[in-house]
2 protein chains.
Amino acid sequence: MKELFPIVAADVALFTVLEETLRVLLLQRDNEPQAGAWALPGALLKPETDLSLEHTARRALAAKTRVEVPHLEQVAVFSGPGRDPRGYSVGVLFYALLPADQAPAVAGAKAMDVAWSDVAHLKRPIAFDHREMIALATTRLRQKVVQLALPLHLLPAKFTLTQLQSVFETVTGKPLDKSSFRRRLRDEKNLVKLHGELEGGANRPAQLYRAISSFRFEMKS
Amino acid sequence: MKELFPIVAADVALFTVLEETLRVLLLQRDNEPQAGAWALPGALLKPETDLSLEHTARRALAAKTRVEVPHLEQVAVFSGPGRDPRGYSVGVLFYALLPADQAPAVAGAKAMDVAWSDVAHLKRPIAFDHREMIALATTRLRQKVVQLALPLHLLPAKFTLTQLQSVFETVTGKPLDKSSFRRRLRDEKNLVKLHGELEGGANRPAQLYRAISSFRFEMKS
DNA sequence: TCAATAGTGTCTCTTAGACAATATTGA
DNA sequence: TCAATATTGTCTAAGAGACACTATTGA
């Protein structure tokens, strides 16, 4: 009987950048199956309450997190009889971006079962097919950013151009020329110069910017 | 009770190019709900037999079509309580490409309930949220082609460069310079020159090409 | 003044687009 | 030869990357 209805779930790859590294949020599973292994936050679809699978995804994040993520995007659907021992399952994968300054609020020092893992070196045991999910979500995020979709959702509301470039380089994995990068930013007009300044350890302080209010994290062409 | 389990289905936007127009395959519904309206081919997930939702999608095409489509790709998931009056539904949308020379085999003159509709002018009544699905699948296809993913699956196995350019222009909706286009084709090496020739109504005959055997319809960067 | 980082200017090389010139066929 | 389309070549302009130069701060 259970075979007639698939399990439907939403899983979320929540990314942030810490220490110049692209990281994804993992939770250690308490229960079987795969107790002890690390998994993406996820939740089963509740038809009575969820207006869509995006709602399910947000609910999954809210359950383990206190943070509101601004950006949530579909990546792909994974399906099949062998993904989950509990039965035929359909898993809809999303990805979301979290500014670095909010990352500590998610994985506080207290929690042993929450981790921001470097996507390039996933050393923990990963549950189900979540390793593949992380790889695909990472690729998708990279593609978007390479096509010059500004990953502003990974930055705090106010940021310097150097910080923006650093996030860019971390996500894409490639260095960028400062001059060209700033030329591009000037031409597209997604940024607004603010009139306060920042830091300056022992050097020239940097201008702060914010995104224009209508900014959207979208493809270009 | 039915509320606890969502309906899970795969729908396919099958594209081809006829008369310099990008077209999508529509079927007229026999049964309620929405009898008489036109819908994308689709099928319910059968957990007992479908190894994945891509299988479900292929099965949906096979049911109304005799054609094997080479290329099938996920677009997005649509979900919610209001999409289908039969209950909460989760619909996974795919798109597929069919060479123009195989299009007649699908919608033969006999069938009144099969149509290749111009995606730019959908005049028939469209069932459910399939109009939105068609729009999204079209956008996705366009994006891929704009990024110079050669839409070779829309062409017969052998084709001329002029035919390829024409398909390109039809899908993207924009004219292309012949010289630049051929330069790009030469640089990427996805085509093989054949040594037979074609037509020539009253003019110079065109060289035929085919895709290299390892060709894949993928993003560039 | 020095170290360190922010910000700007200039040069070159690649590439896309415009457009012209040549080639080849049947009628 | 002519009409029609295929194929190739050349010029130009915009953009990306390399790299150097100037600016501003605290120590």
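So that the names make sense, note that chain A is the first sequence line, chain B the second, and so on, each numbered from 1.
For A:R182, there are no salt bridge (Lys or Arg N to Asp or Glu O under 4.0 Å) partners at least two apart in sequence or on another chain. For B:R142, there are no salt bridge (Lys or Arg N to Asp or Glu O under 4.0 Å) partners at least two apart in sequence or on another chain. Judged as a salt bridge (Lys or Arg N to Asp or Glu O under 4.0 Å), and not counting sequence neighbours, A:R29 has no contacts. Take B:S117 and apply the side chain to side chain donor-acceptor pair (under 3.5 Å) test, not counting sequence neighbours, and it matches B:R124. With sequence neighbours excluded, the residues satisfying salt bridge (Lys or Arg N to Asp or Glu O under 4.0 Å) with A:R59 are A:D50. Judged as a ring-ring contact (aromatic ring centres under 6.0 Å, His included), and not counting sequence neighbours, the contacts of A:F168 are A:F181. With sequence neighbours excluded, the residues that form a side chain to side chain contact (heavy atoms under 4.5 Å, CB included) with A:S52 are A:E54, A:H55, B:S79.
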For side chain to side chain donor-acceptor pair (under 3.5 Å), just list the numbers for B:E169 and B:Q165, CA-CA rounded to whole Å, side-chain angles, deciding distance to a tenth of an Å, and then say yes or no.
CA-CA 6 Å; B:E169 292 175 331; B:Q165 181 174 349; 3.3 Å; yes
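The footprint of chain B on DNA chain D, defined by a heavy-atom cutoff below 4.0 Å, extends from D:dA3 to D:dT10.
For residues 8-19 of chain A, the pairs satisfying side chain to side chain donor-acceptor pair (under 3.5 Å) are A:E19-A:R23, with sequence neighbours left out.
Against DNA chain D, the stretch residues 156-167 of chain A makes no heavy-atom approach under 4.0 Å. Listed by residue number, A:D177, A:S179, A:S180, A:R183 are the residues of residues 176-187 of chain A with a heavy-atom contact under 4.0 Å to DNA chain D.
Without hydrogens or angle criteria, B:H71 side chain to B:L97 main chain gives no donor-acceptor distance under 3.5 Å. Of the possible donor and acceptor atoms, one in the side chain of B:Q163 sits under 3.5 Å from a partner among the backbone N and O of B:T160.
One axis for each end of the helix from C:dT1-D:dA27 to C:dA27-D:dT1, each built from five base pairs, and the angle between them comes to 10° at 10° resolution.
Nearest approach of B:D84 to B:S89, heavy atoms of both residues: CB-OG, 3.9 Å.
The residue among A:N203 and A:K193 whose nearest nucleotide of DNA chain C is located toward the 5' end is A:N203.
Per the geometry, CG belonging to A:L191 stands 15 Å off C1' belonging to C:dG7, to the nearest Å.
In this structure, A:K144 is positioned above the aromatic face of A:F217, its NZ or CZ under 6.0 Å from the six-membered ring centre and within 45° of the axis.
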